[in-house]
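Residue indices begin at 1 and follow the sequence shown.
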Amino acid sequence: MINEVNLKNKVINELQTIADDRYLWYSQKIEKEIDTYIAEITEGLKIVLKNIYSQYIKLQDFGEVGTLNWIYLSFLHTSFLDHSPCYKIDFYDKRDCISEIECTELWDFKYIFDCYYNIENQIIEKLNKQTRVIRHEINDMLIQLQQKFHSLANAWIITIINNILKEDDVFILRESNVKFMLGDYLDNSELIAVYGDETE
């Protein structure tokens, strides 16, 4: 029995090593290569932001919302279950999150999260070649790995948003004092950027 437990722990440790080593490899790869893709990633996010802003302007014209004050980028942790991790982007006036008017779209950060799924597939492939450890026993390991890639994505989002706001044709050029918040859906968020006069 003890030997069986040791063999099981050996498999779990081997899977954890794959997770740790591959994360390190991919994070370094992203750091080296993201400059090649950053323009495309930024443009994709800008398209989504412009689409939501167009919706918001229409709501303004109908008097349903006031001046734009808040933009939230909220990560949907449950989207990992659908193999499509993404952020929910919401635009709000001064009512902030208590507003009942929804103006939102989803945006995925495939460049980052595809790297996670590459590692997950390697882990599952090795898991399926043995019988001592079953899938639910490595759930915590995969969740920790997801959190690492989520943090990596957040760090790059901060850079991307601040770069967008420096552009001459920023999509919210007519607005002022728009706060960008980044966090988790229905959970804590932090201020990552402000467009316009912060004192207003």
If two hydrophobic side chains count as joined below 4.5 Å and joins carry through other members, does [X] share a cluster with [Y]?
X: Tyr117; Y: Ile30; answer: yes
X: Ile101; Y: Val178; answer: yes
X: Ile164; Y: Tyr37; answer: yes
X: Ile47; Y: Ile112; answer: no
X: Leu76; Y: Trp156; answer: no

For Ile119 and Phe149: C-alpha separation, side-chain torsions, deciding distance, then whether side chain to side chain contact (heavy atoms under 4.5 Å, CB included) applies. CA-CA 11 Å; Ile119 300 174; Phe149 278 100; 3.7 Å; yes
Does [X] have its ring centroid less than 6.0 Å away from the ring centroid of [Y]?
X: Tyr26; Y: Tyr116; answer: no
X: Phe80; Y: Phe113; answer: yes
X: Tyr72; Y: Tyr92; answer: yes

Would you say the side chain of [Y] lies within less than 4.5 Å of the side chain of [X], judging by non-hydrogen atoms?
X: Glu190; Y: Asn188; value: no
X: Met181; Y: Trp70; value: yes
X: Tyr111; Y: Glu40; value: no
X: Thr67; Y: Lys94; value: no
X: Tyr56; Y: Asp93; value: yes
X: Ile161; Y: Leu45; value: yes
X: Gln146; Y: His77; value: no
X: Ile143; Y: Gln147; value: yes

With a cut-off of 6.0 Å (strictly less than), are more than 12 heavy atoms of other residues, nucleotides or ligands near OH of Tyr185? no
Inter- and intrachain pairs under salt bridge (Lys or Arg N to Asp or Glu O under 4.0 Å), touching residues 137-148, at least two apart: Lys8-Glu137, Asp20-Lys148
Rounded to the nearest 0.5 Å, what separates atom [atom1] in [X] from atom [atom2] in [Y]?
X: Phe180; Y: Leu73; atom1: CZ; atom2: CG; result: 7.5 Å
X: Lys50; Y: Glu43; atom1: NZ; atom2: CD; result: 6.0 Å
X: Leu142; Y: His136; atom1: CG; atom2: NE2; result: 13.0 Å
X: Leu7; Y: Gln130; atom1: CG; atom2: CD; result: 10.5 Å
X: Ile71; Y: Ile172; atom1: CD1; atom2: CD1; result: 4.5 Å
X: Lys88; Y: Thr104; atom1: NZ; atom2: OG1; result: 3.5 Å

Nearest heavy-atom neighbours spanning [X] and [Y]:
X: Gln60; Y: Leu68; result: NE2-N, 4.0 Å
X: Glu105; Y: Asn51; result: OE2-CB, 3.1 Å
X: Gln55; Y: Cys103; result: CB-SG, 3.6 Å
X: Pro85; Y: Ser79; result: CA-OG, 3.0 Å
X: Leu59; Y: Glu102; result: CD1-O, 4.3 Å
X: Met141; Y: Ile12; result: CE-O, 3.7 Å

Could you walk me through whether Ile158 and Asn154 pass the side chain to side chain contact (heavy atoms under 4.5 Å, CB included) check? CA-CA 6 Å; Ile158 293 172; Asn154 280 355; 5.5 Å; no
Chi angles and distances behind the side chain to side chain contact (heavy atoms under 4.5 Å, CB included) call for Phe91, Leu49: CA-CA 9 Å; Phe91 282 39; Leu49 292 171; 4.1 Å; yes
Return the set of residues passing salt bridge (Lys or Arg N to Asp or Glu O under 4.0 Å) with Lys129 (not counting sequence neighbours), or none when no residue passes. Glu125
Over 60° means perpendicular and under 30° means parallel, so classify the ring planes of Trp107 and Phe109, tilted if in between. tilted
Output, in order, the C-alpha distance, side-chain angles, deciding distance and verdict of side chain to side chain contact (heavy atoms under 4.5 Å, CB included) for Ile138 and Ile123. CA-CA 9 Å; Ile138 65 165; Ile123 291 172; 3.7 Å; yes
Using distance alone, with no hydrogens and no angle criterion, decide if Lys126 and Asn128 have a side-chain donor and acceptor under 3.5 Å apart. no
